[in-house]
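Okay, so here's the structure we're looking at.
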Amino acid sequence: MEEMLFYDRMQFAFTITFHYLFPQLTMGLSLIIVYFKWKYLKTNDEQYNHATHFWMKIFALNFAMGVVTGIPMEFQFGTNWAKFSELTGGIIGQTLAMEGMFSFFLESSFLGIFLFGEKLLGHKWHFVTGLLIMIGSWASGFLIIATHSWMQNPVGYEILENGKFVLNNFQALFLNPWLWPSYLHNQAASLVTSSFVVAGIGAFYILSQKNVSFGKLFLKTGVIFGLISSVIVAVPTGDLLAKNVVKYQPVTFAGMEGIFHTEERGSEIVLIGQPDVKDKKLDNKIAVPNILSFLTYGNWDQEIKGLDQFEEDLHPTNISGLYYAYHIMVGLGTVFIGLMVLSLFQLIRGKLFETKWILWSLMFMMPFPYIANTTGWYTAELGRQPWLVYNLLRTAAGASPTVSSGNTLFTLLGFIGLYLLLGMLFLLLVGKIINKGPHHVELSTEKI
């Protein structure tokens with residue numbers, strides 16, 4: 001049973017990790033595309049319209065990859081996790097169906113119109129179409145996170161005699177105190193990814209002396225959006241989400257922060273340390289006393305419960321993975337804010353386009369928001385374990401008893417091979433779009 005559960009979890013983790021590489025760009029990028037089109041309507045500057053079309057090509061490619069990789073992921077609810085679907089389908093089925101019927105179809109229906117209907121619609125209606133795509137994209141994220149938030153903090157439900165969960169308060173599902181901080185945090189993190197990609201490609205164009213005017217536009221836009229979204233990820237959304245974890249999942253918070261033993265006179269914040277789960281301690285730690293208590297409760301001496309205050313069968317099943325995922329996310333988020341502050345400072349001084357070390361940094365930082373987003377989701381998922389529905393349904397109780405570990409491993413290897421090929425094809429196509437650049441001869445040949 002343990003081997004079967006391990007491969008079930010590994011397959012879902014791999015497929016959802018690969019899938020989310022694409023929506024995390026499209027959600028944030030849709031806002032930036034709408035901004036470029038709005039700027040064109042306001043200024044009548046063709047550069048903004050060419051920027052709109054350029055990024056919409058990349059958006060469309062990401063959207064297609066998201067669809068292709070999302071469908072196999074959802075099938076696992078009926079194969080590897082059939083018991084989970086049977087017991088909770090009366091609740092999560094509603095939000096997932098709404099995501100498919102409303103937001104996905106809204107986004108996909110208007111995508112083709114936006115790509116090919118500009119001349120037919122005119123620029124104002126073209127802008128409206130782009131706005132509807134953004135609304136569909138963000139609504140999709142909202143409904144998915146509403147599902148996830150119910151699993152983290154179940155509300156508005158009752159359990160029937162046969163063990164099935166049913167919803168008895170539809171309103172509670174969307175007023176879940178876990179939902180809005182999670183959603184806003186996720187959307188801001190998506191915008192961080194998009195901003196770094198836009199700024200990174202802008203830096204690439206400037207450094208390569210190719211499409212320089214567009215490079216300047218992309219760099220300026222990415223830095224401004226990137227700083228705003230990076231700050232929002234930390235404060236207030238990250239802070240609110242962390243306080244939710246303290247309130248509703250205190251044992252998870254203890255695992256995230258590596259608090260093995262309760263500290264009565266305020267908890268330190270650990271900057272560096274390696275968890276030793278066997279001996280229940282942190283090795284080689286560098287910490288600042290009492291800071292964690294102040295950040296969490298606004299009180300320097302407030303006690304924060306450690307793992308020693310909870311039964312071991314309630315502890316996160318992978319404390320080391322949870323600890324490292326959380327600290328990688330927080331560490332990268334801090335780096336993002338610092339880099340964007342320096343970039344904006346140089347932009348205000350009028351020296352950003354000539355500051356090569358910042359340009360190189362922005363270009364090479366493009367993959368790291370993807371890592372931060374992934375470790376952020378790992379923090380949420382590893383923190384909820386050993387539960388599928390927190391405190392109500394154990395992960396082991398949601399797995400399909402009839403799907404063998406051998407079958408799951410076989411299909412996992414198949415997914416790895418197929419997704420490797422898809423990933424290479426995606427990078428090749430995106431590389432061709434970037435190499436071609438926004439279509440405008442005069443602007444693309446301008447030099448600094």
Side-chain angles (χ1 to χ4, degrees), residues 1-20 69-97 99-100 143-168 173 249 251-252 255 277 310-322 325 377-419:
M1 179 65 185
E2 288 185 6
E3 184 182 66
M4 179 186 72
L5 188 62
F6 172 78
Y7 287 122
D8 284 344
R9 293 180 64 194
M10 284 294 293
Q11 186 179 83
F12 196 82
F14 173 76
T15 53
I16 199 169
T17 297
F18 191 86
H19 166 72
Y20 194 63
T69 56
I71 293 173
M73 182 188 68
E74 292 181 352
F75 276 133
Q76 290 173 74
F77 285 113
T79 55
N80 302 14
W81 302 101
K83 195 65 179 177
F84 169 68
S85 299
E86 178 188 348
L87 295 175
T88 66
I91 296 178
I92 68 168
Q94 297 190 49
T95 47
L96 292 177
E99 189 272 336
L143 291 166
I144 293 296
I145 293 177
T147 308
H148 176 262
S149 297
W150 184 83
M151 295 168 64
Q152 296 283 2
N153 182 48
V155 293
Y157 69 92
E158 63 177 293
I159 304 177
L160 303 179
E161 292 183 0
N162 58 9
K164 292 185 178 181
F165 293 77
V166 294
L167 194 63
N168 62 10
L173 195 63
Q249 298 182 9
V251 65
T252 299
V277 178
F310 304 92
E311 297 291 333
E312 286 204 14
D313 66 340
L314 299 178
H315 289 188
T317 52
N318 187 348
I319 294 172
S320 296
L322 172 62
W377 273 104
Y378 282 4
T379 300
E381 295 304 300
L382 291 171
R384 194 181 65 245
Q385 297 302 317
W387 307 96
L388 278 175
V389 181
Y390 194 74
N391 269 343
L392 295 175
L393 179 65
R394 291 263 181 174
T395 303
S400 302
T402 58
V403 179
S404 70
S405 58
N407 286 334
T408 305
L409 178 58
F410 177 77
T411 52
L412 173 59
L413 294 174
F415 277 128
I416 292 173
L418 178 61
Y419 283 7

Query raised in the report: Are there more than 12 heavy atoms of other residues, nucleotides or ligands under 6.0 Å from atom CD of E158?
Result: yes
Report task. Evaluate the side-chain contact (heavy atoms from CB on, under 4.5 Å) criterion for residues Q385 and N318: first the C-alpha distance (whole Å), next the side-chain angles of each, then the deciding distance (0.1 Å), finally the verdict. Result -> CA-CA 8 Å; Q385 297 302 317; N318 187 348; over 6 Å; no
Query - Sequence-distant partners of Y419, side chain to side chain donor-acceptor pair (under 3.5 Å), two or more places apart - result: none
Between [atom1] of [X] and [atom2] of [Y], what distance do you get to the nearest 0.5 Å?
X	Y	atom1	atom2	value
Q11	T411	CD	OG1	3.5 Å
E381	L388	CD	CG	9.0 Å
I71	T15	CD1	OG1	13.0 Å
I92	E99	CD1	CD	12.5 Å
T408	F6	OG1	CZ	11.5 Å
M151	F84	CE	CZ	4.0 Å

Does [X] reach the side chain of [Y], with side-chain heavy atoms less than 4.5 Å apart?
X	Y	result
I91	V166	no
Q249	W387	no
H148	W377	yes
T395	W81	yes
D313	R394	yes
Y7	N80	no
K83	L87	yes

Heavy-atom closest contact ([X] atom, [Y] atom, distance):
X	Y	answer
M73	I16	SD-CG1, 3.3 Å
I144	L96	CD1-CD2, 3.8 Å
P386	L314	CD-O, 4.2 Å
S400	A82	OG-N, 2.8 Å
P316	T252	CG-CA, 4.3 Å
A399	L5	CB-CD1, 4.0 Å

Report task. May I ask you to decide if F77's main-chain N or O and S85's side chain share a donor-acceptor pair within less than 3.5 Å? Result -> yes
Query - Check: A380 main-chain N/O paired with Q152 side-chain donor or acceptor under 3.5 Å - result: yes
Report task. Apply the test side-chain contact (heavy atoms from CB on, under 4.5 Å) to residues T95 and W150: give CA-CA distance (whole Å), side-chain angles for both, the deciding distance (0.1 Å), then the verdict. Result -> CA-CA 10 Å; T95 47; W150 184 83; over 6 Å; no
Query raised in the report: Side chains of T88 and Y157: is there a donor and an acceptor less than 3.5 Å apart?
Result: no
Query raised in the report: Does any donor atom in the side chain of E3 or S405 lie under 3.5 Å from an acceptor atom in the other side chain?
Result: yes
